[in-house]
Number of protein chains: 2
Amino acid sequence: MSVPPPRNLRTRLADSRARLAEDRDCWVATAGPQGPWMIPLSFLWTADALVLATDRDSRVVKDLLAQPVVRVGVGSTRDVVIVHGRATVLEPGDVDEAIWEAYAHKLGSDPRSWADAAVLVTPERIQAWREENELQGRDLMEGGRWLGD
Amino acid sequence: MSVPPPRNLRTRLADSRARLAEDRDCWVATAGPQGPWMIPLSFLWTADALVLATDRDSRVVKDLLAQPVVRVGVGSTRDVVIVHGRATVLEPGDVDEAIWEAYAHKLGSDPRSWADAAVLVTPERIQAWREENELQGRDLMEGGRWLGD
């Protein structure tokens with residue numbers, strides 16, 4: 001297989017923001033007393049947070065209420081955006097209506113009709129890479145601040 | 001979007017085994033004192049274990065040496081196979097040569113030339129689903145035993 005040359009920071013930022021805006025689903029990893037957990041969930045990206053909707057009694061929510069660190073993978077395993085951040089669990093009614101409208105518009109399903117927990121992920125670190133040759137320069141955000149902006 | 005009808009157990013088993021045999025990469029989730037970790041890695045499936053190769057000083061290996069529970073996601077988020085199991089970390093030289101030969105044959109890269117840790121994942125539970133309508137009946141393996149065999 002021929003591997004394309006590594007993208008520069010500007011291109012990775014643009015590609016990654018497009019992925020966050022357009023991709024529908026992500027892998028969500030949490031940790032609890034029984035060890036790691038990881039499931040796919042739909043998401044909305046609001047330019048500064050990633051919004052998930054799920055059940056309050058799900059393992060994801062239980063883990064996050066005990067330890068609010070979350071790691072989210074978007075894209076395929078050879079074209080990855082990884083968001084590492086802090087999660088806040090809210091009642092859906094405590095989230096801005098505009099967010100659920102954007103979620104419903106993007107995903108064709110309004111969580112206010114089926115979810116009883118919202119998870120807001122505030123990113124601290126974002127990385128993106130495709131092949132091995134992009135591991136260097138994979139940092140797009142550090143300490144909650146976009147690089148190169 | 002039209003959602004296809006749910007697959008039966010036999011079809012899910014066949015599809016999932018094909019995915020495990022043919023897919024090249026997976027998401028690997030572990031838990032450590034700093035919380036969840038998740039990265040993409042290439043894998044080989046040997047019919048009863050999932051084999052990963054990586055660096056001994058990686059976060060994945062550190063987490064697994066402390067707590068050997070691992071969760072692996074294969075496929076896209078709307079066509080998922082999830083393997084939940086126990087991990088054993090070995091020196092690459094302590095793994096059967098035939099496994100590395102199969103790995104190199106499948107992935108075009110022999111970990112004996114670049115990895116200093118092998119992770120063998122023994123599955124305890126395997127689940128597979130596509131859309132919401134497949135969440136029921138998603139269990140393919142329980143307690144290390146394939147269902148329907």
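Throughout, a chain's letter reflects where its sequence line sits, starting with A, and its residues are numbered from 1.
The local environment of CD in A:Glu132 is sparse, with at most 12 non-hydrogen atoms from other residues, nucleotides or ligands closer than 6.0 Å.
Residues of residues 34-44 of chain B lying under 4.5 angstrom from chain A, judged on non-hydrogen atoms, are B:Gln34, B:Gly35, B:Pro36, B:Trp37, B:Met38, B:Ile39, B:Pro40, B:Ser42 by number.
Hydrophobic clustering, with ILVMFWY side chains joined whenever heavy atoms are under 4.5 angstrom apart, keeps A:Leu64 apart from A:Val69. When the side chains of ILVMFWY residues are joined at heavy-atom separations under 4.5 Å, either directly or via intervening members, A:Val28 and A:Val121 end up in a single hydrophobic cluster. Cluster annotation: B:Trp114 is connected to B:Ile99 through the hydrophobic network of ILVMFWY side chains, with a link wherever side-chain heavy atoms come within less than 4.5 Å. Hydrophobic clustering, with ILVMFWY side chains joined whenever heavy atoms are under 4.5 angstrom apart, groups A:Val89 together with A:Val83. Under the 4.5 Å side-chain heavy-atom criterion for grouping Ile, Leu, Val, Met, Phe, Trp and Tyr, A:Trp129 is not connected to A:Trp146 through any hydrophobic cluster.
In plain terms, the two heavy atoms of A:Val80 and B:Trp27 that are nearest each other are CG1-CH2, 3.5 Å.
The candidate with the highest count of non-hydrogen atom pairs below 4.5 Å against chain A, out of B:Gly108, B:Gly75, B:Ala29, is B:Ala29.
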